[in-house]
Amino acid sequence: MLIETAPPRGKTVIPFVRQIAGIEYPMDSHMDWHAARAALEWQLEMGVTEAISETPINRFEQVAPPPKAGVAPRAQAPAVPVAAAETVDPVAESEAAAKAAQDLAGLKAALAAYPHCDLQKGARNLVFCDGVPGSRVMIVGEAPGRDEDRVGKPFVGRAGQLLDRMLAAIGLGRDLEGANSVYITNVLPWRPPQNRDPKPDEIAMMLPFLKRHIALAKPEVLVVMGNISCQALLGKRGITRLRGQWDEAEGLPVIPMFHPAYLLRNPAAKREAWADLLDLQARLTKKA
Ligand code: URA
């Protein structure tokens with residue numbers, strides 16, 4: 001549980017975890033900004049998701065304090081006409097920013113400067129890509145997890161290590177060169193909190209960047225891993241049905257595959273993943 005406290009002047013008071021797994025933690029700890037941030041990050045890692053008080057506060061019932069004696073009530077500000085309020089279309093803005101990017105470095109910079117995706121605020125790093133741009137195969141995962149967020153590269157955790165073994169089994173690798181190299185990215189470049197699924201509006205605002213990423217990386221074949229990537233690029237879900245069925249997106253052949261994180265949880269599905277890898281290899285050999 002998180003405790004809500006009012007910061008005293010000049011101090012940062014962070015709400016402190018009071019009890020996790022039966023362990024008591026201190027409250028009202030005064031600390032500097034860095035210590036406060038580290039403690040908050042630690043709380044997030046522990047799975048804390050909400051800042052709440054010990055006692056419930058019904059904010060709907062809270063009434064404004066009465067005006068001080070002798071102070072005339074302030075005149076109500078005129079309502080801002082709705083038409084005058086600034087309206088921002090985050091998808092239109094990401095489309096414009098992505099289109100303006102002339103190369104991968106420009107696209108990465110455009111992503112870093114994009115102000116409408118709140119995931120950026122909670123992430124340590126922008127996770128843009130790994131591997132060799134211009135590779136024949138481009139792999140599109142879902143979103144960075146904790147390890148990727150820390151390192152700033154896609155697929156570096158356990159799922160990423162399995163992905164590397166899968167690719168190596170058909171002679172491909174992110175560290176290889178020429179025809180054997182691969183290029184890797186994700187639908188989302190920032191880690192969602194607690195590794196939750198990306199929300200539709202987050203996918204919608206990142207999709208123009210992903211499409212431009214594909215256009216600039218110029219692969220011959222796309223591999224989309226898991227439901228989120230299938231949804232984003234093919235507009236379909238149901239990876240169990242879709243996997244291994246060649247499709248098309250952005251003018252390129254696409255093969256949906258089980259996500260390596262799914263394979264870690266369901267090792268029996270590796271048989272199908274192997275069949276899909278062989279299919280990918282056969283396609284590359286035929287086109288070479
Ligand atoms: N899962 C993904 O989809 N992408 C990553 O980068 C890591 C895990």
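Order of appearance sets the numbers: ligands from 1, and atoms from 1 within every ligand. In this text, all values refer to a predicted model and were calculated from it rather than measured experimentally.
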Subject >> Of all pairs that satisfy ring pair (Phe, Tyr, Trp, His ring centres under 6.0 Å), the ones with a partner from residues 211-233, not counting sequence neighbours >> reply: Phe128-His213, Tyr183-His213
Original post:
Salt-bridged, Arg158 to Asp147, with N to O below 4.0 Å?
Top reply: no
Subject >> Check: Lys153 N/O within less than 3.5 Å of ligand 1 N/O >> reply: no
**OP:** Evaluate the salt bridge (Lys or Arg N to Asp or Glu O under 4.0 Å) criterion for residues Arg212 and Glu250: first the C-alpha distance (whole Å), next the side-chain angles of each, then the deciding distance (0.1 Å), finally the verdict.
**Re:** CA-CA 10 Å; Arg212 187 78 184 131; Glu250 302 307 295; over 6 Å; no
**OP:** Between Ala159 and ligand 1, find which residue part has any heavy-atom pair under 4.0 Å and reply side chain, backbone, both or neither.
**Re:** neither
**OP:** Between Glu142 and ligand 1, find which residue part has any heavy-atom pair under 4.0 Å and reply side chain, backbone, both or neither.
**Re:** both
Original post:
Has ligand 1 got any nitrogen or oxygen that is less than 3.5 angstrom from a nitrogen or oxygen of Phe155?
Top reply: yes
**OP:** May I ask you to check whether over 12 heavy atoms, not counting those of Arg196, lie within 6.0 Å of atom CZ?
**Re:** yes
Original post:
Just heavy atoms, cut-off under 4.0 Å: does His259 contact ligand 1 by side chain, backbone, both, or neither?
Top reply: side chain
**OP:** For Gly141, take its heavy atoms, then give the atoms of ligand 1 lying under 4.0 Å from any of them.
**Re:** 3 (O)
Subject >> Pairs where residues 130-162 contributes a residue and the test ring pair (Phe, Tyr, Trp, His ring centres under 6.0 Å) is met, not counting sequence neighbours >> reply: Phe155-His259
**OP:** Give the residue and atom name of whichever protein heavy atom lies nearest to atom 4 (N) of ligand 1, and the separation in Å to one decimal.
**Re:** Asn186 OD1, 2.8 Å
Original post:
Is the shortest N/O to N/O distance between Ala143 and ligand 1 below 3.5 Å?
Top reply: yes
Subject >> Stepwise side-chain contact (heavy atoms from CB on, under 4.5 Å) check, Val221 with Trp246 >> reply: CA-CA 10 Å; Val221 170; Trp246 284 93; 3.7 Å; yes
